[in-house]
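Data first, discussion second: the structure below is written as structure tokens.
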Amino acid sequence: MPDLDTIVNLCKRRGFVFPSSEIYGGLESCWDYGPLGAELKRNVKAAWWRSVVQERDDMVGLDAAILMNPRVWKASGHIDTFSDPLVECKKCHARARADHAPDMYRKALRECPKCRSTKVKDAVLHAPSADGAREQGADAKAAIRRLLAESYVECPKCKEHLPPRCPKCLDGEFMEPRQFNLMFKTFMGPVEEEAAVVYLRPETAQGILVNFANVLTSSRKKLPFGVAQIGKAFRNEVSPGNFTFRTREFEQMEIEYFVKPGTDEECHKRWLDDRLRWYTDLGMRRDNLRLRQQTADERAHYAKDCFDIEYQFPMGWSELEGIANRTDYDLKQHSKFCGKEQSYFDDETKTHYIPYVIEPSAGADRATLAFLIDAYHEEQVREEKRVVLKFHKALAPIKAAVLPLLKNRPEIVEVARDITRRLKRNFMAVYDDTAAIGKLYRRQDEIGTPYCVTVDVQSLEDKQATVRDRDTMEQVRVPIADIEAFLKEKLS
RNA sequence: GCGGGCGUAGCUCAAUGGUAGAGUGCCAGCCUUCCAAGCUGGCCAUACGGGUUCGAUUCCCGUCGCCCGCUCCA
């Protein structure tokens, strides 16, 4: 596996990804897709759309606005709970989730600071209930403060009440907890009035959920059915990083799949299979993928069950896609907040009910990065290192390059340019004559072009050209008149 | 946001309180009959802003960005 720096260098050098606004020193966690990166990401998104919309009868697409009525985020819970209350140690400056800190302290404790008993692993944490903290908005902060003030670990031996301290140095007290709301705020209209505050959506999902009724009536779909959407989302992450893996502006590929309650668990399983297979069908190595069930405390409060599809990135196993069973939580919330029941009328049972929602939520940038890393290969060819991106044909930014073996022969150049023109009508193709043939091949290898077409002197006689395969480097002669059809066949 | 490290050409890396070098890449020309050939010429850099100094890429401060850790997620 290449290290991340190798990938970052290649991306910069060949025009896959550049640092955003680089001439001004860049902007933290923001990246621009260059000419090849734009093609690659487009292909990833197109493959996803094809798989989850075009080829299915039970799915339709949607493209909702990034800016939405702020009440959406009140209903979804994002305004109140999409935040991490953090505390920081006054001594060692370690930080921890405020609501996890007391228990982290209990687990980290080796001996009682009072009686020196080492049996503290049996210690019990006494804490006021924090259940209300997540749902009650403004009260959440007070609840956290109460949690930190009132909870204590009781030493099993001397019964001393130990107030929670820093789980890292086991000594420092905490600073005042701070709330980070992860939503980007902006202002609708030219005047920055509080009344005009709107948010950049932190997930595309709500755009689908609030359109449930619209899609239902206009598409005449029956349960079970789903809605797919690709779009930008924004989160003020505490710590972005690892190249395009965690950025504050990112693109999601999300599905909300509506099902009859009771059928949700089986449907959830089917989506796990379908989504995992999507990655492997596009050439991602199965060994670099795994499915991991989230533990109860990892899951969002509304989720009944959730799995992560993880990829083995250079920095470790990390999430590509989360597939959650969101139950009827969202549609119920919107029913409550908008005053209109977001329900479905079931013709068979003649009953109204609020559907359950299975949500496969993938990161377009993460998928693009994973496909790039997975495609990266270094090989030894004649004592030289060959760098080749073995992209699936559907993902390769450029499908074919046309190369004249000799550029000082106008007849050859003319034939090659003519082939290029014809290929461009069908897919991304390029012409290149700026180096010797060996270097031209290596260039195309490094950007993952599956086929090179080489025109030589003999081509003028026999009207054939050489088609060279990226992965095997094998060559076949193909009549020039057939090249368009030949490559279309190969690439389909 | 906190702690630590770092920032020299498109990329990889040298050097220096006093003219910033190499490899590679890229461009042009010559040459070249299939896997990073050769020759000639050319292009490109001390992240940004301020300070100290006769003089700063080097020393100091700030900003921005990157990397590692804490934390979090698509």
Side-chain angles (χ1 to χ4, degrees), chain A residues 3-6 8-15 18-30 82-84 86-90 92-98 100 104 166-168 175 178 180 182 202-205 232-248 250-254 294 298 300 308-309 315 318-324 359-367 369 381-387 403-409 412 434-446 452 454-459 465-466 468 470 473-475:
Chain A
D3 59 32
L4 201 53
D5 281 343
T6 305
V8 175
N9 285 341
L10 174 64
C11 283
K12 176 84 190 292
R13 213 170 58 237
R14 291 301 187 187
F18 307 125
S20 162
S21 33
E22 191 185 13
I23 61 171
Y24 290 103
L27 182 64
E28 186 184 16
S29 99
C30 293
F82 194 58
S83 58
D84 294 322
L86 296 181
V87 285
E88 187 171 327
C89 170
K90 284 179 181 172
C92 74
H93 295 288
R95 290 167 96 191
R97 271 272 292 274
H100 293 174
M104 285 170 71
C166 170
K168 193 173 180 196
M175 297 180 196
R178 275 178 298 177
F180 285 86
L182 299 183
E203 62 175 21
T204 58
K232 289 283 180 89
F234 303 82
R235 294 181 190 174
N236 247 324
E237 293 291 345
V238 176
S239 65
N242 286 323
F243 196 35
T244 57
F245 179 78
R246 186 182 294 110
T247 54
R248 294 196 169 113
F250 60 102
E251 197 155 14
Q252 294 185 303
M253 304 187 292
E254 289 198 302
Q294 285 193 2
E298 278 181 286
D308 287 343
I309 294 177
M315 63 279 187
S318 303
E319 184 180 353
L320 275 184
E321 174 163 350
I323 304 170
E359 181 193 76
S361 171
D365 306 276
R366 288 184 177 185
L369 179 60
V381 177
R382 302 190 181 187
E383 323 266 309
E384 291 275 358
K385 184 172 84 174
R386 180 172 91 116
V387 173
L403 318 168
L405 194 61
L406 298 169
K407 70 169 166 181
N408 61 356
R409 295 285 297 271
I412 292 178
T434 57
I437 191 68
K439 184 180 282 192
L440 295 180
Y441 283 149
R442 289 297 190 273
R443 270 185 198 159
Q444 297 301 325
D445 290 341
E446 205 178 17
C452 290
T454 302
V455 180
D456 56 24
V457 174
Q458 202 189 330
S459 302
T466 304
R468 177 257 196 190
R470 174 194 68 199
M473 297 190 284
E474 281 165 8
Q475 308 183 341

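Keep in mind that what you see is a predicted model, and the values were worked out from it rather than measured. So that the names make sense, note that chain A is the first sequence line, chain B the second, and so on, each numbered from 1. Heavy atoms only: backbone and side chains are in, while hydrogens, waters and symmetry mates are out.
- Considering only side-chain N and O atoms, A:N242 lies under 4.0 angstrom from the phosphate OP1 or OP2 of B:rC68.
- At a threshold of 4.0 angstrom between heavy atoms, the contacts of A:L4 with the nucleic acid are absent.
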Exercise for the section: Apply side-chain hydrogen bond (donor to acceptor under 3.5 Å, both in side chains) to the pair A:S459 and A:D456, showing each step before the final yes or no. Expected result: CA-CA 5 Å; A:S459 302; A:D456 56 24; 2.9 Å; yes
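- Considering only residues two or more places apart in sequence or on other chains, A:R14 meets the salt bridge (charged side-chain N to carboxylate O under 4.0 Å, His left out) condition with A:E446.
- Scored by the salt bridge (charged side-chain N to carboxylate O under 4.0 Å, His left out) test, A:E203 finds A:R326 as partners (sequence neighbours excluded).
- Partners of A:R248 by salt bridge (charged side-chain N to carboxylate O under 4.0 Å, His left out), not counting sequence neighbours, listed by chain and number: A:E28.
- One interatomic measurement links the two molecules: CZ of A:R366 to P of B:rC72, which rounds to 14 Å at whole-angstrom precision.
- Contacts of A:S29 with the nucleic acid, taken as non-hydrogen atoms under 4.0 Å apart, involve only primed sugar atoms and P, OP1 or OP2.
- Counting only heavy atoms from C-beta on, A:F245 has its side chain closest to B:rC73 among B:rC73, B:rU33, B:rU32.
- A distance of 9.0 Å separates CE of A:M253 from CG of A:D365, quoted to the nearest 0.5 Å.
- For the pair A:R235 and A:P202, the tightest heavy-atom approach, listed with the atom from each and the gap, is NE-O, 2.8 Å.
- In this structure, A:L320 atom CG and B:rA74 atom P are separated by 12 Å, rounded to whole Å.
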Report all interatomic pairs (protein N or O, nucleotide N or O of nucleotides 35-41 of chain B) with separations under 3.5 Å.
{"residue": "B:rC35", "atom": "OP2", "partner": "A:R382", "partner atom": "NH2", "Å": "3.3"}
{"residue": "B:rC35", "atom": "O2'", "partner": "A:R442", "partner atom": "NH2", "Å": "3.2"}
{"residue": "B:rC35", "atom": "O2", "partner": "A:R442", "partner atom": "NH1", "Å": "2.7"}
{"residue": "B:rC35", "atom": "O2", "partner": "A:R468", "partner atom": "NH2", "Å": "3.0"}
{"residue": "B:rC35", "atom": "N3", "partner": "A:R468", "partner atom": "NE", "Å": "3.0"}
{"residue": "B:rC35", "atom": "N3", "partner": "A:R468", "partner atom": "NH2", "Å": "3.2"}
{"residue": "B:rC35", "atom": "N4", "partner": "A:R468", "partner atom": "NE", "Å": "3.4"}
{"residue": "B:rC35", "atom": "N4", "partner": "A:M473", "partner atom": "O", "Å": "2.7"}
{"residue": "B:rC35", "atom": "N4", "partner": "A:Q475", "partner atom": "NE2", "Å": "3.0"}

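- Within 4.0 Å of A:L27, counting heavy atoms only, lie sugar-phosphate atoms of the nucleic acid but no base atom.
- Residues passing the ring pair (Phe, Tyr, Trp, His ring centres under 6.0 Å) test with A:Y441: none are found, sequence neighbours excluded.
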Handout entry: Watson-Crick and G-U pairing of RNA chain B, under 3.5 Å, as dot-bracket with | and [ ]
Key = (((((((..((((....[..))))((((((.......))))))...(((((..]....))))))))))))....
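- Rounded to an integer number of Å, the gap from A:N236 CG to B:rA74 C1' is 16 Å.
- Between A:N9 and the phosphate of B:rU12, there is a side-chain N or O to OP1/OP2 separation shorter than 4.0 Å.
- Contacts of A:F18 with the nucleic acid, taken as non-hydrogen atoms under 4.0 Å apart, are absent.
- Summarising the geometry of A:I412 relative to A:V457, their closest heavy-atom pair is CD1-N, 3.8 Å, with the distance given to 0.1 Å.
- When distances run from any side-chain atom of A:N408 to the nucleotides B:rC34, B:rA74, B:rU32, the shortest one goes to B:rU32.
- Listed pair A:K12 / B:rG10 fails the phosphate criterion, with no side-chain N or O lying under 4.0 Å from OP1 or OP2.
- For B:rA14 and B:rA47, the P atoms lie 15 Å apart once the distance is rounded to whole Å.
- Protein atom CD of A:E359 is 8 Å distant from nucleotide atom P of B:rA74, rounded to whole Å.
- For A:T434, counting side-chain heavy atoms from C-beta on, the closest listed nucleotide (B:rC27, B:rA74, B:rC34) is B:rC27.
- The side-chain heavy atoms of A:L403 and A:R468, taken from C-beta on, include no pair separated by under 4.5 Å.
- At whole-Å resolution of the value, CE in A:M315 and C1' in B:rC66 are 15 Å apart.
- Among the heavy atoms of the strands lying under 4.0 Å from A:S361 are primed sugar atoms or P, OP1, OP2 only; no base atom is included.
- A:M473 is listed as a side-chain neighbour of A:V381, based on a closest heavy-atom distance under 4.5 Å.
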